[in-house]
Visitor: 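Handing you a structure now.
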Amino acid sequence: MIPFPESIIACPDCDLLQRIPTLTPGGTASCLRCGHTLASSKPDSLDRTLALTVAALIALIIANVMPLMGLSAVGRQAFTTILGGVLKLWQQGHQITAVLVAFCTVVAPTVHIGFTLTVLLAVRQTPAPIWVGTLLRMADFNQPWAMLEVMMLGILVALIKIADLATVIPGIGMFAVGALIMLIAAMTVSFDKHQVWSQIRWVDGEGQQLTSSPEFKEPAEGEVEGKETPGELTGIKMGLVLCEGCGLLTKPTDLEKPGHCPRCGQELELRRPNSIQRTWALLIAASICYIPANLLPVMSTTTPTYAEKDTIMSGVVLLYVHGSWPLALIVFVASVVIPMAKIVALAYLLISVQCRFMRSKEERIRLYRLVEIVGRWSMLDVFVVTFVVALVQLQPLMSVGPGAGVVFFAAVVVLTMLAAETFDPRLIWDSRNNKEEQNDEIC
């Protein structure tokens, strides 16, 4: 297996082979074909990110220890923390939803900050231990599931919903969550993962980045199969495999069994195995759950004078009636439009790959990226239910409980996010390469 230097890379979204030029401080390099950001120069990245990570850890502790908000009505008060909302869901029989909320609001942010901090401290020795790469890969996988910004929007919607029932008191924890969201965003922007990988000891014993490699030569026009121009060389055509864990490009001796990455040890694959089949399975399951998620109530309210059950749409109508039409629009888009749009968009991408559509590849890759970005915001209604249920427990005056629909709605969000992760965007660009594709055609 022959590793290539960091200056040569196959785009993870379209597999186009490219050289990364020497970047000026603050500069970025994007894929010439699909626009994916391949590399960026971030001066003083590790020290800046370390300072931000320590600050984020402090904000995380405060956000989980101090009350998020309180509720006051007729002389009685109730306060809740993030874990307080999780506990209420668990006590009312919604253990699956409680575990999911705890993971997205407490576990995933803690793991992301903890692993990043450990990596930044360990990489100060050269070369850094091999296990640093494992932590870095785990932090990357975990990051999309840390949904603090979605939770914050859910808290704001919850405040609007219960404003007519009682007086809402913002807590210190809410301000800490706001600070934490900004710190995590700053961490993501300032962190240069390529610099970390260049300092990690290789699994195969190299111990440092390759200093010499085979010369990368563009083949003659007759050596390129299909109708693409000679300049559009892809890794799969040249027999090269990109490690999705650390980004190292290698040339294995056997393409059928590429083996493991010599730098991070992750198993190499030309394309994500059974990507089409797995994505279809997750998408069908999400479509089935979408129906009860919108028909069944997600929340029930009980007072001495009345009892009512709210579906997602009735909650949107309630926000609109009370004059909060911007929040009503946000909830409608996040909870109704986006889940359905994700299902339709991913189905279209799957069909386009299996039917080997030749046109609009740039539009399709942009559609895929949009699905990845907006997918997590569908968790909004789950967080709204969590914190309304946690706060409005002033028996015998009033109480709110979760409905059966919230479980199905959470399932839709998780399944569509997993479907987007399972889909391999490089298949969009592989439609001409019948030899390399291992998917069944439906057209």
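Excluded from the calculations below are hydrogen atoms, water molecules and symmetry mates; all remaining heavy atoms, backbone and side chain alike, are included. Owing to the predicted nature of the structure, the values given are computational and were not obtained by experimental measurement. By convention here, the first residue in the shown sequence is residue 1.
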Visitor: What are the two closest heavy atoms between A122 and P129, and how far apart are they?
Guide: O-CD, 4.0 Å
Visitor: If we check side chain to side chain contact (heavy atoms under 4.5 Å, CB included) with F423, which of these qualifies: L283, L349, L282?
Guide: L349
Visitor: Between S190 and S45, do the side chains contain a donor N or O and an acceptor N or O under 3.5 Å apart?
Guide: no
Visitor: Would you mind reporting whether M152 and M174 have side-chain heavy atoms less than 4.5 Å apart?
Guide: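 The answer is yes; the side chains approach within 4.5 Å.
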Visitor: Any heavy-atom pair between the side chains of L87 and Q91 that's under 4.5 Å?
Guide: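 Yes, close enough: below the 4.5 Å cut-off.
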Visitor: Between R271 and D15, does at least one N-O distance fall below 4.0 Å, as a salt bridge requires?
Guide: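 Looking at D15 together with R271, the answer is yes, because their closest N to O distance falls below 4.0 Å.
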Visitor: Among E372, R366, R364, whose side chain to side chain contact (heavy atoms under 4.5 Å, CB included) with Y368 holds?
Guide: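 When E372, R366, R364 are each tested with Y368, the side chain to side chain contact (heavy atoms under 4.5 Å, CB included) holds only for E372.
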Visitor: Can you give me the closest heavy-atom contact between G154 and V384, atom names plus distance?
Guide: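 Minimum heavy-atom separation between G154 and V384: O-CG2, 3.5 Å.
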Visitor: Is the shortest side-chain heavy-atom distance between I82 and V177 below 4.5 Å?
Guide: yes
Visitor: Verify the distance criterion only: is there a donor paired with an acceptor across the side chains of W429 and E362 at less than 3.5 Å?
Guide: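 No.
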Visitor: Minimum heavy-atom separation for C243 to C264, with atom names?
Guide: SG-SG, 3.5 Å
Visitor: Is any side-chain heavy atom of Q18 closer than 4.5 Å to one of I8?
Guide: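 Not touching, per the 4.5 Å side-chain cut-off.
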Visitor: Can you list everything that forms a side-chain contact (heavy atoms from CB on, under 4.5 Å) with I172? Sequence neighbours excluded, please.
Guide: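 Only I62, M66 meet the side-chain contact (heavy atoms from CB on, under 4.5 Å) criterion with I172.
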Visitor: K342 and S378: which non-hydrogen atoms are nearest, and at how many Å?
Guide: NZ-OG, 3.6 Å
Visitor: If you compare all heavy atoms of P425 against all heavy atoms of P12, which two are closest, and at what distance to 0.1 Å?
Guide: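 Shortest heavy-atom separation between P425 and P12 comes out as CG-O, 4.3 Å.
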Visitor: Side-chain polar contacts of residues 100-113 - donor-acceptor pairs under 3.5 angstrom, sequence neighbours left out - could you list them?
Guide:
unit_1: T105; atom_1: OG1; unit_2: V101; atom_2: O; d: 2.6
unit_1: T110; atom_1: OG1; unit_2: V106; atom_2: O; d: 2.6

Visitor: T250 and L268: which non-hydrogen atoms are nearest, and at how many Å?
Guide: OG1-CD1, 3.6 Å
Visitor: Are any non-hydrogen side-chain atoms of V196 and L136 less than 4.5 angstrom apart?
Guide: yes
Visitor: Is the shortest heavy-atom distance from the side chain of L50 to the side chain of F191 under 4.5 Å?
Guide: no
Visitor: Report the residue from E244, H260, R137 that forms a side chain to side chain donor-acceptor pair (under 3.5 Å) with Q266.
Guide: R137
